[in-house]
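Structure provided below as structure tokens; questions to follow.
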Amino acid sequence: MHGPLHFLGVMDPLCGATRATYFMAHAEWALAWAYNPGVFVLAFVSVFGVVRWIVGLASGWWATKRVPRRLAWSLVIAGLIALEINQQAHAALLVRR
């Protein structure tokens, strides 16, 4: 499912994420990175969340770390801007079937 701007060559930060996830699951790291490097961050966060949940249930200790809200939002926005620039640079790859 693509947004209307996709067909005009404007990529969003999640373009190519499905294909990147597929290639990452099949150990095709270079292809996964080419389609969308953001899936590596999503995979890390997912694995960390599952491990934290298992350890928390088993031991009763929940790993926590407080990050200032302004810093967290700044990092998220900077990451999304960097990903958008990367995705736009790879638009030809992302629109190819």
Side-chain angles (χ1 to χ4, degrees):
M1 239 168 124
H2 299 291
L5 294 177
H6 179 84
F7 300 105
L8 298 174
V10 178
M11 303 297 114
D12 66 78
L14 293 179
C15 274
T18 303
R19 286 181 272 186
T21 303
Y22 173 83
F23 289 127
M24 187 173 61
H26 289 87
E28 299 274 351
W29 312 117
L31 280 172
W33 185 267
Y35 276 104
N36 193 325
V39 297
F40 292 98
V41 175
L42 292 174
F44 173 78
V45 169
S46 298
V47 169
F48 178 79
V50 169
V51 169
R52 179 183 181 268
W53 179 68
I54 291 170
V55 169
L57 285 179
S59 69
W61 177 77
W62 296 88
T64 58
K65 177 67 176 155
R66 293 221 180 255
V67 177
R69 187 171 293 191
R70 181 171 276 180
L71 174 63
W73 278 112
S74 297
L75 290 173
V76 167
I77 291 170
L80 286 174
I81 290 171
L83 187 57
E84 175 62 27
I85 292 168
N86 178 70
Q87 293 307 90
Q88 202 56 48
H90 294 97
L93 173 69
L94 296 172
V95 297
R96 190 171 48 184
R97 292 188 183 257

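Model, not experiment: these values are computed from the prediction. Residue indices begin at 1 and follow the sequence shown.
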Inset, instruction - Quick one: sort the Y22 and H26 rings into parallel, tilted or perpendicular, breaks at 30° and 60°. - result: tilted
Legend entry - Shortest non-hydrogen separation from L94 to R19 and the atoms involved: O-NH2, 2.9 Å
Legend entry - Whichever hydrophobic residues join I85 through chains of side-chain contacts under 4.5 Å: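 So far as hydrophobic clustering goes, I85 is joined with I77, I81.
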Inset, instruction - With sequence neighbours excluded, tell me which residues meet side-chain contact (heavy atoms from CB on, under 4.5 Å) with V51. - result: V47, V55
Legend entry - Side-chain touch R52/T64, heavy atoms, less than 4.5 angstrom: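 With C-beta onward as the side chain, the pair touches.
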Legend entry - Joint hydrophobic cluster, F23 plus M11, side-chain heavy atoms closer than 4.5 Å: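 Yes; M11 is reachable from F23 via cluster members.
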Inset, instruction - Share the residues that join L75 in a hydrophobic cluster, the rule being Ile, Leu, Val, Met, Phe, Trp or Tyr side chains under 4.5 Å apart at the heavy-atom level. - result: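 Besides L75, the cluster holds V67, L71.
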Legend entry - Pairs where residues 79-92 contributes a residue and the test side-chain hydrogen bond (donor to acceptor under 3.5 Å, both in side chains) is met, not counting sequence neighbours: N86-H90
Inset, instruction - Any chance you could pull the hydrophobic cluster mates of W53, using side-chain heavy atoms under 4.5 angstrom and chaining through other members? - result: V50, I54, L57, W62
In a table with atom names and distances, give each donor-acceptor pair under 3.5 Å that connects a side chain of residues 29-36 to protein atoms at least two apart or in another chain.
| residue | atom | partner | partner atom | Å |
| --- | --- | --- | --- | --- |
| N36 | OD1 | G38 | N | 2.8 |
| N36 | ND2 | P13 | O | 2.9 |
| N36 | ND2 | C15 | O | 3.1 |

